[in-house]
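Each remark here refers to the structure printed beneath this line.
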2 protein chains.
Amino acid sequence: MSTRVPQERRRRRPTRSGVLLSEDLIVETALRLIGEHGPEALSVRRLGAALGCDPSALYRYFHGTDDLVLAIADRIIGDAMAGFVPGADWVASLREMALRVRAGYLAHPRAAAMAAHRVTGRKSEIQAVGIGLLLSAGFEPAAAARLYLAFIDTVLSHAATDAAFQALPLQQRQADHRAWRNVYQDLDPVVYPALTAVRPALPGMADSSFEEAVDLLLEALAARAPTR
Amino acid sequence: MSTRVPQERRRRRPTRSGVLLSEDLIVETALRLIGEHGPEALSVRRLGAALGCDPSALYRYFHGTDDLVLAIADRIIGDAMAGFVPGADWVASLREMALRVRAGYLAHPRAAAMAAHRVTGRKSEIQAVGIGLLLSAGFEPAAAARLYLAFIDTVLSHAATDAAFQALPLQQRQADHRAWRNVYQDLDPVVYPALTAVRPALPGMADSSFEEAVDLLLEALAARAPTR
DNA sequence: ACATTGGGTCAACCCTGTTGACGTAAGGCG
DNA sequence: CGCCTTACGTCAACAGGGTTGACCCAATGT
């Protein structure tokens, strides 16, 4: 689960500035902090200051920074998938799941970039729905599990990369952008004749290949589906 | 490029302990440090100690930690792709590229996990070769660029996720592993009847879905290829 | 041989996560 | 109603982090 200090909490005591701490409040404040001032603005000390409590008070709710990050990741995925119900069309349903995951990450790019590589309970819940969709498509249980894992791992990874790029400071994003362009301008047309033909068609860095990748995966899955 | 302090460097002066600093030596020492003692062992101070120089000396070669990380990422990708030449079979060539990228990341899991989300010059070099392969497959230039971007982005992202998981401390890896299993054990068979059928077929967390995902992508690309 | 300056060193600054002791008030219970 | 326990907010301290500016020495071009 998200919280690693799972004891039932009674004995609430207001902080010095009158705030009643809670796991939810901490996670929400952390998300707000990250969203407003960037991912490096999240520190135990700053979070404590934003909450109006001593930094060490947070250790009553989370075992450490890692725990907090996991809770944040859980919250992001949970929000993104809230209210999702798979439909009759399994391909369309898988696509919607993928788009929801990405939307959730991009809604909190900097938080997602930090947390995306950790497996959490919420992420696992997604798996239950997804494997069911592939079973309904006629795949054998073993194949359904294997293929869905490949699908969702790819979606989560790709979405994480998108989020990580969005999370970079504008300066670095532009520098990375420039790096792409420079490569093509500096390359020798004799060595890479193919590239000169492509140059005008190169996609801008602003675009993401996420949807294209999802389409490719879904095409391959549909082609492999037994009943058609 | 990797180094953001690109001035030609003359005036070499041995350090107090007799070592001649260089960009390469620094990157190699950093990789060694990370490989031996984990990613959190990489700090300017420790790196200085390992090199036998004052920590601040490193700022003559890299503008800061971020620069250093970029240089490390560059080195990893460069090493992985060293000596690669695309063959006649474009599908096989793309697959080899994917496997090389992943192998490179897994060779330095902790370094890759830290650096994987940054775009670097080396990564761009890969693109030149890849787009050429898709052009040779008969794709239009615009489609070739778009599809290859989707392919390589996915491969890099997925490989980064794999590396990030390998980079986790054993304790956390096991905890994440347990989280997966628990979800299935705790789920209600009435709500998720599909899952109970799959349970014995669930893949272990040790396995990665990387190759399966690459196969799916390549299948979709082959199906879309004009000349076949 | 000299002037220039690259670059290694040192000290200092302020940040970080984390922990142990401490005490206060909230809640259960008689 | 009032005591006792203990959850939990607070405080102080520690070790470690990145980064910078001043300093100065020696390697280099002339």
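These numbers come from a predicted model, not from an experiment. Order of the sequence lines fixes the chain letters, A, B, ..., with proteins taken first and strands second; residue numbering starts at 1 for each chain.
- Between C:dT24, D:dT10, C:dT9, one nucleotide has an atom nearer to the side chain of A:Ala57 than all others, and that is D:dT10.
- Interface residues of residues 30-37 of chain B facing DNA chain C, ordered by number: none; criterion, heavy-atom separation under 4.0 Å.
- Applying the salt bridge (charged side-chain N to carboxylate O under 4.0 Å, His left out) criterion to A:Arg75, with sequence neighbours excluded, gives A:Asp24, A:Glu28.
- With sequence neighbours excluded, the residues forming a side chain to side chain contact (heavy atoms under 4.5 Å, CB included) with B:Pro14 are B:Leu20, listed by chain and number.
- Taking B:Tyr148 as the reference, nothing meets the ring-ring contact (aromatic ring centres under 6.0 Å, His included) condition, with sequence neighbours excluded.
- B:Leu47 has its CG atom 17 Å from the P atom of D:dG16, to the nearest Å.
- A sub-4.0 Å separation between OP1 or OP2 of C:dC10 and a side-chain N or O of B:Arg16 is present.
- In this structure, the OH atom of B:Tyr61 is 9 Å from the C1' atom of C:dG8, given to the nearest Å.
- Straight-line distance from the CG atom of A:Leu51 to the P atom of D:dC8: 16 Å, rounded to whole Å.
- Applying the salt bridge (charged side-chain N to carboxylate O under 4.0 Å, His left out) criterion to B:Arg16, with sequence neighbours excluded, gives no partner residue.
- Every side chain to side chain contact (heavy atoms under 4.5 Å, CB included) that B:Thr161 has, sequence neighbours left out, goes to A:His117, A:Ser157.
- Checked by atom type and distance alone, the side chain of A:Ser17 pairs as donor or acceptor with a backbone atom of A:Gly52 at under 3.5 Å.
- Annotation: salt bridge (charged side-chain N to carboxylate O under 4.0 Å, His left out) contacts of B:Asp54 (sequence neighbours excluded): none.
- The side-chain hydrogen bond (donor to acceptor under 3.5 Å, both in side chains) check on A:Thr29 picks up nothing, with sequence neighbours excluded.
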Can you check each nucleotide of nucleotides 12-21 of chain C against protein heavy atoms at under 4.0 Å and return B for base, S for sugar-phosphate only, - for none, in 5' to 3' order?
B---BBBB-B
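- Listed by chain and residue number, B:His37, B:Arg46 satisfy the side chain to side chain contact (heavy atoms under 4.5 Å, CB included) test with B:Ala41 (two or more places apart in sequence, or in another chain).
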Treat a base pair as Watson-Crick or G-U wobble with both distances under 3.5 Å, then lay out DNA chain D in dot-bracket form, 5' to 3', with | for cross-strand pairs.
||||||||||||||||||||||||||||||
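- Look at CG on A:Leu21: it is 17 Å from P on D:dA7, rounded to the nearest Å.
- Residues passing the salt bridge (charged side-chain N to carboxylate O under 4.0 Å, His left out) test with A:Glu211: none are found, sequence neighbours excluded.
- Proximity of a side-chain donor or acceptor of A:Arg146 to a complementary backbone N or O of B:Glu212 within less than 3.5 Å is not detected.
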